[in-house]
Visitor: 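Sharing a structure here in structure tokens format.
Remember, it's 1-based here, ligands and their atoms both numbered in the order they're listed.
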Amino acid sequence: MPQSLTHTQLVELADRFGTPLYVYHAEKIKEQYEKLTEGFSSLDSRFFFACKALTNINILKYIHSLGCGIDCSSINEVKLALHAGIPEEKILYTSNGISFAEIEEAVQSGVHINIDSLSNLEKFGKKYGNTYPVGVRLRPNILAGGNLKISTGHEKSKFGIPIDQLDLLKGIVAENSIRIKTLHIHTGSDIKDADVFVHGIKVLSELVSHFPDLEVIDLGGGFKVPYEPEDEETDIAFIADKLKKYLETHLFNKGRTFQLWFEPGKYLVSECGYLITQVNVLKDNGVQIFAGINSGLNHLIRPMMYDAYHHIVNLSNPHAEEKVYTVTGYICETDTFATDRLLHEVREGDYLVLYNAGAYGFEMSSNYNSRYKPAEVLVKEGDAFLIRRRDEFEDLLKNQITVV
Ligand code: LLP
């Protein structure tokens with residue numbers, strides 16, 4: 001039975017903690033992690049949770065307790081992971097466009113690092129030479145991902161060192177005796193097609209002979225999760241099998257074996273998360289009925305930023321007949337969560353839940369319109385714990401300095 005919270009549980013949580021409320025279900029994260037480890041069990045693989053998706057300290061600790069490492073995209077995420085008690089060998093810092101000072105700080109922490117520019121690699125080589133084995137993030141020239149905003153491996157992408165610059169890369173490595181232990185790519189998010197991962201490994205396989213110290217091939221994250229009710233699950237075991245076949249026939253047979261690393265974000269935490277909201281106002285403009293909820297793009301920006309679909313259910317009126325609604329937020333600009341969506345008849349005060357809210361939900365939230373960020377709750381083994389209190393008025397003033 002797939003893990004999920006029932007409508008009754010969600011209503012109880014909304015009654016107890018108030019709305020808007022982010023809820024995360026620990027056992028669902030575990031289920032997802034086990035699908036990854038079981039799917040890839042025939043390969044020497046390691047997983048690092050791309051914590052940019054959700055950085056609450058409790059989530060980091062819980063995911064680490066399952067055996068998973070943490071992938072970071074800023075030095076502050078590295079600090080959060082260390083603060084959560086995660087040992088440095090389980091932390092990976094895959095950088096992008098950062099200052100060299102952050103790389104120096106990461107070296108001091110002793111975490112794994114993937115460097116994504118020739119400029120930083122050169123500075124790294126001058127300072128550390130062969131003393132600190134490091135990874136390089138490459139741009140494989142592969143176009144993949146749910147939409148262009150979340151595609152990162154293509155020829156116009158800012159991410160990584162273009163593979164076309166291999167000679168320059170090798171020059172810097174040789175001149176400074178850098179020990180390259182990892183080749184990394186991340187082609188994008190929302191990828192279901194196994195061939196994208198095989199294409200990635202193919203590109204990297206052609207490069208391994210240039211790096212004698214190589215231990216790890218890191219294929220990044222991007223495993224798609226179902227968002228719409230008719231979406232199918234990504235078949236992890238199928239992807240693993242295809243990768244294994246490729247590796248065995250093209251790489252491992254030449255006497256070189258590597259660990260495979262992955263950095264799943266959405267796959268681990270998207271489906272565990274729920275954003276429970278309440279209907280403030282109903283408005284019938286003659287053409288559409290708007291259900292205006294007590295949330296907005298300040299809490300969940302994905303629909304407006306990526307045209308992302310989030311399934312919505314009216315928790316409060318489950319047996320009523322279905323009608324068509326456009327669900328909007330309370331931000332003073334267009335913030336539509338869903339257009340012309342069938343929902344059980346909505347009344348003011350009803351609880352509406354948005355699904356798949358765990359990944360890039362709270363994490364991308366803001367205080368726009370001076371609204372409070374929601375509280376976060378973790379449900380684990382049947383108990384609910386408040387893991388972040390709702391903002392209060394003082395939080396809006398916290399860093400402001402009155403000078404006039
Ligand atoms: N590794 C690297 C280097 C990444 O840049 C990312 C995501 C991941 C791993 C994790 O990707 P995932 O498994 O979550 O697809 N805010 C967007 C997604 C942006 C992803 C950025 N990088 C969204 O809500 O769809």
Visitor: Looking at S189, which atoms of ligand 1 are within less than 4.0 Å of one of its heavy atoms?
Guide: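 Atoms satisfying the 4.0 Å criterion: 12 (P), 15 (O).
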Visitor: Can you find an N/O atom of G222 closer than 3.5 Å to an N/O atom of ligand 1?
Guide: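 Such a contact does occur with ligand 1.
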Visitor: For Y360 and ligand 1, does the shortest N/O to N/O distance drop below 3.5 Å?
Guide: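 Yes, since at least one N or O of Y360 sits under 3.5 Å from an N or O of ligand 1.
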Visitor: Does T94 reach ligand 1 with a nitrogen or oxygen that is under 3.5 Å from one of the ligand's nitrogen or oxygen atoms?
Guide: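 Between T94 and ligand 1 (N or O atoms, distance only) the closest approach is not under 3.5 Å.
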Visitor: List the residues meeting side chain to side chain contact (heavy atoms under 4.5 Å, CB included) with K181, not counting sequence neighbours, and say none if there are none.
Guide: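 Result, side chain to side chain contact (heavy atoms under 4.5 Å, CB included) vs K181: H112, P133, E215.
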Visitor: Can you confirm whether the side chains of S95 and D116 place a donor and an acceptor under 3.5 Å from each other?
Guide: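 Per modelled atom types, S95 and D116 side chains form no pair under 3.5 Å.
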Visitor: For ligand 1, note which part of K266 has a heavy atom under 4.0 Å away: side chain, backbone, both or neither.
Guide: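 Under 4.0 Å from ligand 1, K266 contributes backbone and side-chain atoms.
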Visitor: Run the side-chain donor-acceptor check on residues 372-382: report pairs under 3.5 Å with partners two or more places apart or on a different chain.
Guide:
unit_1: Y372; atom_1: OH; unit_2: F393; atom_2: N; d: 3.3
unit_1: E376; atom_1: OE1; unit_2: N56; atom_2: ND2; d: 3.0
unit_1: E376; atom_1: OE1; unit_2: R388; atom_2: NE; d: 2.6
unit_1: E376; atom_1: OE1; unit_2: R388; atom_2: NH2; d: 3.4
unit_1: E376; atom_1: OE2; unit_2: Y24; atom_2: OH; d: 2.5

Visitor: For G265 and ligand 1, does the shortest N/O to N/O distance drop below 3.5 Å?
Guide: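 By distance alone, the answer is yes.
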Visitor: Regarding K126 and E175, does a basic nitrogen lie under 4.0 Å from an acidic carboxylate oxygen?
Guide: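 The answer is yes: the pair qualifies as a salt bridge.
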Visitor: Flag H184 as yes when one of its N or O atoms lies below 3.5 Å from any N or O atom of ligand 1, and as no otherwise.
Guide: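 In fact, backbone or side chain, H184 has no N or O that close.
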Visitor: Distance-only, no hydrogens or angles: does the K52 side chain make a donor-acceptor pair with backbone N or O of Y360 under 3.5 Å?
Guide: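 A pair under 3.5 Å: no.
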Visitor: For a ring pair (Phe, Tyr, Trp, His ring centres under 6.0 Å) with F40, tell me which candidate from F197, F238, F262 qualifies.
Guide: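 Result for ring pair (Phe, Tyr, Trp, His ring centres under 6.0 Å) with F40: F262.
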Visitor: For atom 3 (C) of ligand 1, which candidate among M364, K224, E263 holds the nearest heavy atom?
Guide: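 Residue with the shortest heavy-atom distance to the ligand atom: E263.
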Visitor: Given Y306, F159, F48, which has its nearest heavy atom closest to atom 16 (N) of ligand 1?
Guide: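 Answer by nearest heavy atom: Y306.
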Visitor: Are a donor atom and an acceptor atom from the side chains of N369 and N298 found within less than 3.5 Å of each other?
Guide: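 Side chains of N369 and N298: no pair found under 3.5 Å.
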Visitor: Should the proximity of P264 to ligand 1, defined as any heavy atom under 4.0 Å, be assigned to the side chain, the backbone, both, or neither?
Guide: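 Just the backbone.
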Visitor: With a heavy-atom distance limit of 4.0 Å, tell me whether M305 approaches ligand 1 through its side chain, its backbone, both, or neither.
Guide: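 For M305, no heavy atom sits under 4.0 Å from ligand 1.
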